[in-house]
Amino acid sequence: MLVADENVFALFGETFLSKFKATGKTLFHMVLPSGETTKDRKVKEQVEDFMLKNKMNRDTCCIALGGGVIGDLTGYIAATFMRGVPFVQLPTTLLAMVDASVGGKTAVNTGYGKNLIGAFHQPTVVFMDMGFLDGFSKRDPVRAEREFKAGIAEIIKTGAIWDCSLFEVCEQKVEAIQRREHAVLNEIVRRSVAIKAEVVTLDPKEGGLRAILNWGHTIGHAVEGLMGMTDYADGLLHGECVAIGMVLECNLARAMGVLHSSAVGRVVRCIEAYKLPTKIPHHLRIDDIMRKMMGDKKNTGGKLKCVIIDRIGHCWEPKASMVSSLRALCRLVHFACRHAPILPVRAAHAGGRACCPRAGGCPT
Ligand SMILES: NC(=O)c1ccc[n+]([C@@H]2O[C@H](COP(=O)([O-])OP(=O)(O)OC[C@H]3O[C@@H](n4cnc5c(N)ncnc54)[C@H](O)[C@@H]3O)[C@@H](O)[C@H]2O)c1
Ligand SMILES: [Zn+2]
């Protein structure tokens with residue numbers, strides 16, 4: 001069962017179908033509208049009904065051909081169809097390659113928030129072909145550039161939390177990466193996927209460590225959720241929201257005294273070098289952002305959690321940290337909304353102790 005969105009199918013669908021014929025196996029396919037609204041329970045039901053109507057059973061394998069939207073939706077369908085069938089990911093966006101297709105998180109959105117209904121269901125295989133990325137320039141070169149950079153934001157994130165040398169490649173080879181030179185692009189994608197695979201293998205169901213992959217996402221998801229709920233004409237992509245989140249969460253770490261200012265500067269400069277956004281859009285309201293963050297499903301016991309890096313390539317704790325002073329975080333976001341300097345905030349380290357263990361400076 002092949003699932004693709006209309007854009008991807010128009011570019012690669014017929015080639016895929018005709019090549020697949022050679023296997024002699026039956027291939028059904030369904031083409032869905034493109035965009036985040038497709039990651040929806042009703043759309044899931046439509047695909048499932050199509051599969052049931054065509055008498056698919058536990059021998060079925062679902063194939064997701066597309067970006068993270070199609071990957072998340074198809075993965076969730078595969079997770080629940082006949083109590084779980086195998087699925088294959090064919091990611092066609094950079095973000096889906098380096099992030100969404102690896103790790104087995106599948107979900108749909110609800111009116112209450114993104115990815116709130118889903119399951120962990122690992123793909124049997126993930127095939128990546130950089131050639132898919134050429135499809136964007138055939139469609140819309142401006143959008144292509146934004147989608148590409150949104151994927152780069154996730155690679156910067158992976159370097160910043162786990163591997164300083166990957167971060168340095170992103171930092172130092174901006175032009176080569178933007179020109180999409182295959183050697184450097186292959187290197188950063190391969191390394192990024194390897195790190196994600198390592199982290200999710202150590203902690204497949206996000207018991208602790210895996211949460212570090214959400215660096216930049218606490219604030220990023222709040223911004224993303226709100227952008228989707230306004231009538232803002234030109235919304236932000238997931239990776240763009242993560243870029244804003246990384247900048248703010250870096251500032252949070254600095255305000256806590258665990259991250260040196262020079263490291264914050266490096267992260268901000270790197271994100272800016274790719275012309276990714278670094279500021280919260282003006283029309284968003286601070287209390288809406290805070291409310292969104294408080295509603296994050298990763299919080300526990302009503303406490304807000306946020307991943308904190310203490311140097312580039314390393315997290316303060318091998319999990320998301322509790323943010324104990326919400327008022328202070330609120331001030332931080334408030335000031336970030338107005339692009340003003342950030343005020344100090346304190347967080348509770350493991351054990352609930354309010355502390356600034358590396359106040360006074362730590363390596364960048
Ligand atoms: N499961 C996870 O771990 C995980 C991680 C990160 C993000 N996500 C999810 O991924 C989604 C975002 O994924 P995305 O950025 O890939 O968005 P997307 O799937 O909406 O794709 C972006 C756009 O690009 C088009 N497109 C895709 N591939 C193309 C190609 N090769 N050529 C031309 N056009 C192409 C699509 O039709 C779509 O319009 C979000 O829903 C997010 O929540 C999931
Ligand atoms: Zn992400």
Side-chain angles (χ1 to χ4, degrees), residues 3-13 15-16 31-40 64-76 79 87 89-109 113-116 118-123 126 128-158 161 192-193 196-197 199-200 204 206 210-221 223-225 227-228 235-246 307:
V3 183
D5 77 23
E6 55 201 353
N7 297 331
V8 175
F9 194 83
L11 288 163
F12 311 110
T15 313
F16 188 90
V31 181
L32 303 172
S34 75
E36 195 65 37
T37 48
T38 285
K39 246 177 79 172
D40 180 82
L65 175 67
V69 164
I70 291 297
D72 280 10
L73 172 78
T74 310
Y76 186 37
F87 90 112
Q89 290 266 24
L90 299 175
T92 59
T93 65
L94 183 59
L95 183 125
M97 288 176 187
V98 297
D99 199 1
S101 66
V102 182
K105 274 191 182 177
T106 72
V108 291
N109 302 325
K114 264 178 68 78
N115 300 326
L116 292 184
F120 287 99
H121 190 56
Q122 295 293 344
V126 183
M128 288 184 203
D129 184 342
M130 295 296 146
F132 279 132
L133 301 181
D134 301 335
F136 283 97
S137 38
K138 287 181 202 148
R139 208 163 58 82
D140 177 350
V142 177
R143 176 90 183 183
E145 205 49 35
R146 276 184 72 187
E147 297 280 356
F148 179 75
K149 287 174 180 170
I152 296 292
E154 296 280 1
I155 301 178
I156 294 171
K157 173 205 78 180
T158 307
I161 57 166
S192 198
V193 169
K196 177 146 190 198
V199 171
V200 303
E206 205 160 299
R210 184 176 175 152
I212 66 168
L213 295 165
N214 295 322
W215 183 58
H217 286 61
T218 302
I219 295 170
H221 269 154
V223 172
E224 189 176 8
M227 295 297 287
L236 288 174
L237 302 172
H238 172 77
E240 292 172 334
C241 296
V242 171
I244 294 169
M246 288 192 287
V307 178

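If you're wondering where the values come from, they're calculated on a predicted model, not measured in any experiment. Sequence positions, counted from 1, serve as the residue numbers for this chain. Each ligand, and each atom within it, is numbered from 1 in the order the structure gives.
Put simply, CG on L95 and CD on E240 are 10.5 Å apart, with the number rounded to the nearest 0.5 Å. In this structure, CG on L32 lies 7.5 Å from OG1 on T74, to the nearest 0.5 angstrom. Atom CD1 of residue I155 and atom CG of residue L94 lie 4.5 Å apart, to the nearest 0.5 angstrom.
Here L11 has side-chain heavy atoms under 4.0 Å from ligand 1, and that is the only part of it that gets that close. Heavy atoms of K39 found under 4.0 angstrom from ligand 1 belong exclusively to the side chain.
Nearest non-hydrogen protein atom to atom 34 (N) of ligand 1 is R139 NE, 3.0 Å. Nearest to atom 2 (C) of ligand 1 among the protein's heavy atoms is A100 CA, 3.5 Å. Counting protein heavy atoms only, atom 38 (C) of ligand 1 is closest to D5 OD2, 3.9 Å. Nearest protein heavy-atom neighbour of atom 15 (O) of ligand 1: L95 CD2, 3.7 Å. When hydrogens are left out, the protein atom nearest atom 23 (C) of ligand 1 is E147 OE2, 3.5 Å; that is the closest non-hydrogen contact. Scanning the protein for heavy atoms near atom 3 (O) of ligand 1, the closest one is K196 NZ, 3.6 Å. For atom 31 (N) of ligand 1, the closest non-hydrogen atom of the protein is F132 O, 2.7 Å. Scanning all protein heavy atoms for the shortest distance to atom 43 (O) of ligand 1 gives K114 NZ, 2.9 Å.
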Can you list the steps and then say if R143 with L237 is a side chain to side chain contact (heavy atoms under 4.5 Å, CB included)? CA-CA 10 Å; R143 176 90 183 183; L237 302 172; 3.5 Å; yes
Between F16 and L90, is the side chain to side chain contact (heavy atoms under 4.5 Å, CB included) condition met? List the steps. CA-CA 11 Å; F16 188 90; L90 299 175; 3.4 Å; yes
Verdict with reasoning, E206 to K105, per salt bridge (Lys or Arg N to Asp or Glu O under 4.0 Å): CA-CA 10 Å; E206 205 160 299; K105 274 191 182 177; 2.6 Å; yes
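The heavy atom nearest to atom 19 (O) of ligand 1, out of those in N7, V69, L237, is found in V69. Checking T93, D129, V200, L90 against atom 27 (C) of ligand 1, the nearest heavy atom belongs to T93. Within the set D72, T92, L94, the minimum heavy-atom distance to atom 28 (N) of ligand 1 is found for T92. Nearest-residue assignment for atom 6 (C) of ligand 1 (options D99, D140, L73, N115; heavy-atom criterion): D99. Scanning G68, P91, A4, G35 for the heavy atom closest to atom 10 (O) of ligand 1 points to G68.
With a 4.5 Å cut-off on side-chain heavy atoms, D99 and L213 do not count as touching. Two residues are said to be in side-chain contact when any heavy atoms from C-beta on lie closer than 4.5 Å; D140 and E147 fail this criterion. Contact annotation: the side chain of D72 never approaches that of V108 to less than 4.5 Å [non-hydrogen atoms, C-beta and beyond]. The shortest distance between side-chain heavy atoms of I70 and V8 does not fall below 4.5 Å. Looking at heavy atoms from C-beta onward, M246 lies in side-chain contact with W215 at the 4.5 angstrom threshold.
Each of the following atoms of ligand 1 lies closer than 4.0 Å to a heavy atom of G135: 32 (N), 33 (C). Atoms of ligand 1 found under 4.0 Å from any heavy atom of S34, numbered from 1 in the order shown, are 37 (O), 39 (O). Numbered from 1 in the order shown, with element, the atoms of ligand 1 that lie under 4.0 Å from a heavy atom of G67 read 16 (O), 19 (O).
K39 contributes no side-chain N or O that, together with a main-chain N or O of V69, makes up a donor-acceptor pair within less than 3.5 Å. A side-chain donor-acceptor contact under 3.5 Å links N109 to the backbone of N115. Between the T106 side chain and the G118 main chain, no donor and acceptor come within less than 3.5 Å of each other. Although no hydrogens or angles enter the test, the distance criterion places no donor-acceptor pair under 3.5 Å between the side chain of N214 and the main chain of H217. Within the 3.5 Å criterion, the main-chain N or O of E6 finds no donor-acceptor partner in the side chain of S34.
Considering backbone and side-chain atoms together, F136 places an N or O closer than 3.5 Å to an N or O of ligand 1. For the pair F12 and ligand 1, the shortest N or O to N or O distance does not fall below 3.5 Å. Checking only distances, E36 does come within under 3.5 Å of ligand 1, N or O to N or O. Residue-to-ligand polar distances keep H238 apart from ligand 1: every N/O pair is separated by 3.5 Å or more.
With hydrogens and angles left out, the side-chain atoms of E154 and H238 include a donor and acceptor closer than 3.5 Å.
Around the Zn ion (ligand 2), protein atoms of type N, O or S found under 2.8 Å number 3.
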